[in-house]
Amino acid sequence: IFFSSTMTGASSGSSDSTPLLGVSQPISMAKPTEKEVTLSDQLDLTLKSFNLYESDEEMETRLEVLRNVNSLVKKWVKEVSLTKMPADECDKVGGKLFTFGSYRLGVHGRGADIDSLCVVPRHIDRSDFFTSFYKMLSEDPNVTDLHAVEDAFVPVIKLYYNKIDMDILFARLALKEVPDDQTLHDDMLLKNLDEKCIRSLNGSRVADQILRLVPRVDTFTLTLRAIKLWAQNHGIYSNVLGFLGGVSWAILVARVCQLYPNYAPSKLVNRFFLVFAKWDWPHPVLLKDIDSSPRPDISSLHDLVWDPRTRSTDRYHLMPIITPAFPEQNSTFNVTTSTRTILMSEIQEGLEITTDVMDGHCEWKELFEEVNFFSRYKHFLVVVCAAESEEHHLVWEGMVKSKLRHLIGSLERNPRITLGHINPKTYKPNTNPYPFQIGYENPIAEMWFVGLEFNKSMMGTKNVVLTEEITGFHDTVNRATRYSKGRETFTDDMKMLLNYVARKDLIKWISKSELTKGRPARKPTVVPTAGSTPSTPRIVERRESQSASMDGVSGMSGGTPSSTALTAVDSSTPFTAGEVSSTSDAGPSNGGE
């Protein structure tokens, strides 16, 4: 068993050579007991029962994919170099593929993607990456589902190579060559680079730093595997939707490892929940002190360092978790009031379950059971994303998903809404019949569901008006498509629909198996506010039509919104990429369960 061999005898009186890491002294240097070692072995077996580990054959397939893509990078760099410099100088220009994320940290699961970084010398441009390298990938028979997201916060090419999901970022160094032994540790490599290259490089630099800043890599990786599985099955694993992404979870686990450097993974999992259930947010989580020493050669990069003393925007971050590589930045700037509330509720529940596990009152599998999202709430918004082809849907889904956190933010600003909880999982709609009209037959569609909690103390008329939130989200997506570098890729068949759905009507939208999957939530995510009444709020729509359109992409017609306001949710007519469509004559929605 994994931990019996590494931890047996840990409680003996041998001298302690455990490294002390972090921004404070450890809370405890205690060694694991035999019971904790046994619980760690049981934890490892439980993770294996969830089919989390790859076989040797699958691991070798990943390595072969990385070797092939690395060879493609070198071939491409040489080909581009031949057009820009003498041929005799092109043999040594190099180019290298780095990995980061869960694969680099050693915690990737079966079927997980590989986050990678293409590093090239100074004469290769990002435009080359998105043209000639993209073309090279498109001509490779092993590549499928290829698409580029050039105007993303971190530009990326996404693909499947030999059925392995990959993201490839781009960064060029201010070097003439990038040899096979090139590393990214030196901060001076960031000199004269643009912000997009710095962000791309920091994925790999952060992963390397995390591994250097944990006392025992083996205990860290098993603990992180457990926390990742728990977060995924509880619907709180998504940076883009306002929860925490892989890097943030890794930093939190690494900090707990620093505070309890000799603990076994079983107790580290329990202490993870204890530490962060008690954490004084927005006090930041740091793995090492932020280096504020003057660096004249890269002084401009200090403006990128997270510092609420000098950067006013940093003062509004709710759960700052700071990356350990220069320039140190907050990995959780997407967290909203709602997502922080949900995260803290789940962490508290995790503390209760793991305490029961440590006391022998339950088993590890109870921590990792998938929670039924639909058991949490009585009221939902559904966001439908549809297109006529798989290729178009891939592009459109990425755009809509990247903006969903803005919808949650606007819902939070409505005083009648206590909480908006978006489920990171997407669902296929029922098809016989479809629960919506999209304008053409057999759309490729996926849906997100947002659970709503209402502030019942403010429900005087029992009506909740969501006009501003819904039309505002339409406008946000519209602007993003109109000003995107790839705006020509957004076509008229790309549709977005927002609809209110009561829990009793969910069966019309998704299959019964999806609707009932997972255990019921143990308790409400949000405790009702003082003064709330037992009455149930009702979502209403006036039987009025609205006609509105805006300048869109690819030559779409323009106009101005009409004066008639939508009073709740656009429940029938889809929003098209680049415009806000008219609303049909929809009847009132019944908000009761």
Side-chain angles (χ1 to χ4, degrees), residues 2-41 43-44 105-107 206-228 230-231 244 247-292 306 319-325 328 330-332 344 347-348 350-351 354-355 357-359 367:
F2 184 72
F3 274 95
S4 294
S5 60
T6 60
M7 303 297 284
T8 297
S11 57
S12 65
S14 59
S15 60
D16 189 357
S17 59
T18 303
L20 303 182
L21 302 165
V23 296
S24 66
Q25 291 294 313
I27 293 175
S28 173
M29 294 292 292
K31 302 294 181 68
T33 64
E34 290 299 326
K35 176 186 176 182
E36 292 161 0
V37 171
T38 300
L39 285 170
S40 296
D41 293 338
L43 173 62
D44 191 36
L105 294 173
V107 295
V206 166
D208 288 345
Q209 279 281 24
I210 290 173
L211 292 175
R212 291 191 196 98
L213 290 168
V214 294
R216 302 178 187 271
V217 173
D218 52 359
T219 58
F220 164 75
T221 53
L222 183 57
T223 306
L224 181 55
R225 278 188 183 274
I227 296 302
K228 280 189 62 176
W230 163 79
L244 305 189
V247 169
S248 300
W249 291 116
I251 293 172
L252 294 185
V253 171
R255 183 65 185 127
V256 174
C257 290
Q258 291 178 339
L259 294 173
Y260 305 95
N262 292 320
Y263 276 18
S266 57
K267 200 165 184 180
L268 282 173
V269 170
N270 175 252
R271 287 300 184 266
F272 172 90
F273 293 112
L274 176 63
V275 168
F276 294 111
K278 307 289 186 183
W279 195 266
D280 185 21
W281 302 108
H283 187 79
V285 176
L286 297 161
L287 295 184
K288 67 181 187 67
D289 289 321
I290 294 176
D291 186 0
S292 58
W306 183 84
M319 295 181 71
I321 300 173
I322 311 304
T323 57
E328 297 87 348
N330 180 21
S331 63
T332 59
M344 296 309 297
I347 287 172
Q348 182 61 42
L351 175 60
T354 55
T355 299
V357 171
M358 300 302 289
D359 293 341
L367 178 66

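For the single chain, residues carry numbers from 1 onward in sequence order.
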Roughly how far, to the nearest 0.5 Å, is [atom2] of [Y] from [atom1] of [X]?
X	Y	atom1	atom2	answer
Asn262	Cys257	CG	SG	11.0 Å
Arg271	Ile27	CZ	CD1	8.5 Å
Phe273	Thr354	CZ	OG1	6.0 Å
Ile347	Lys278	CD1	NZ	12.5 Å
Leu43	Lys267	CG	NZ	15.0 Å
Met344	Met319	CE	CE	6.0 Å

- prompt: Do Gln209 and Leu287 pass the side chain to side chain contact (heavy atoms under 4.5 Å, CB included) test, and can you show the C-alpha distance, the side-chain angles, and the key distance before you say yes or no?
  reply: CA-CA 9 Å; Gln209 279 281 24; Leu287 295 184; over 6 Å; no
field: Audit row: Ile210, Ile251, side chain to side chain contact (heavy atoms under 4.5 Å, CB included) steps and yes/no
entry: CA-CA 7 Å; Ile210 290 173; Ile251 293 172; 3.9 Å; yes
Heavy-atom pair of closest approach, residues [X] and [Y]:
X	Y	result
Gln25	Leu20	OE1-CD1, 4.3 Å
Leu211	Val217	O-CG2, 4.0 Å
Trp306	Pro320	CZ2-CB, 3.7 Å
Ala207	Leu105	O-CD2, 3.7 Å

Within a strict 4.5 Å, meaning less than it, do heavy atoms of the [X] and [Y] side chains meet?
X	Y	answer
Val269	Leu367	yes
Ile322	Val285	no
Ile227	Leu252	no
Pro261	Arg216	no

field: Candidate list Thr221, Thr223, Leu222, test side chain to side chain contact (heavy atoms under 4.5 Å, CB included), partner Val253, passing option
entry: Thr223
query: When Gln258 is tested against each of Val23, Leu213, Leu286 for side chain to side chain contact (heavy atoms under 4.5 Å, CB included), which residue passes?
result: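 The residue from Val23, Leu213, Leu286 that satisfies side chain to side chain contact (heavy atoms under 4.5 Å, CB included) with Gln258 turns out to be Leu213.
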Backbone N/O of [Y] and side chain of [X]: donor-acceptor pair under 3.5 Å:
X	Y	answer
Asn330	Ile321	yes
Thr33	Glu36	yes
Trp249	Leu224	no
Ser331	Thr323	no
Lys35	Met358	yes
Thr219	Pro265	no

ring-ring contact (aromatic ring centres under 6.0 Å, His included) partners for Phe276, two or more places apart: Phe272, Trp279
- prompt: Going by distance alone, is a donor N or O of one side chain under 3.5 Å from an acceptor N or O of the other, for Tyr263 and Ser28?
  reply: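 Yes, side-chain donor-acceptor contact under 3.5 Å.
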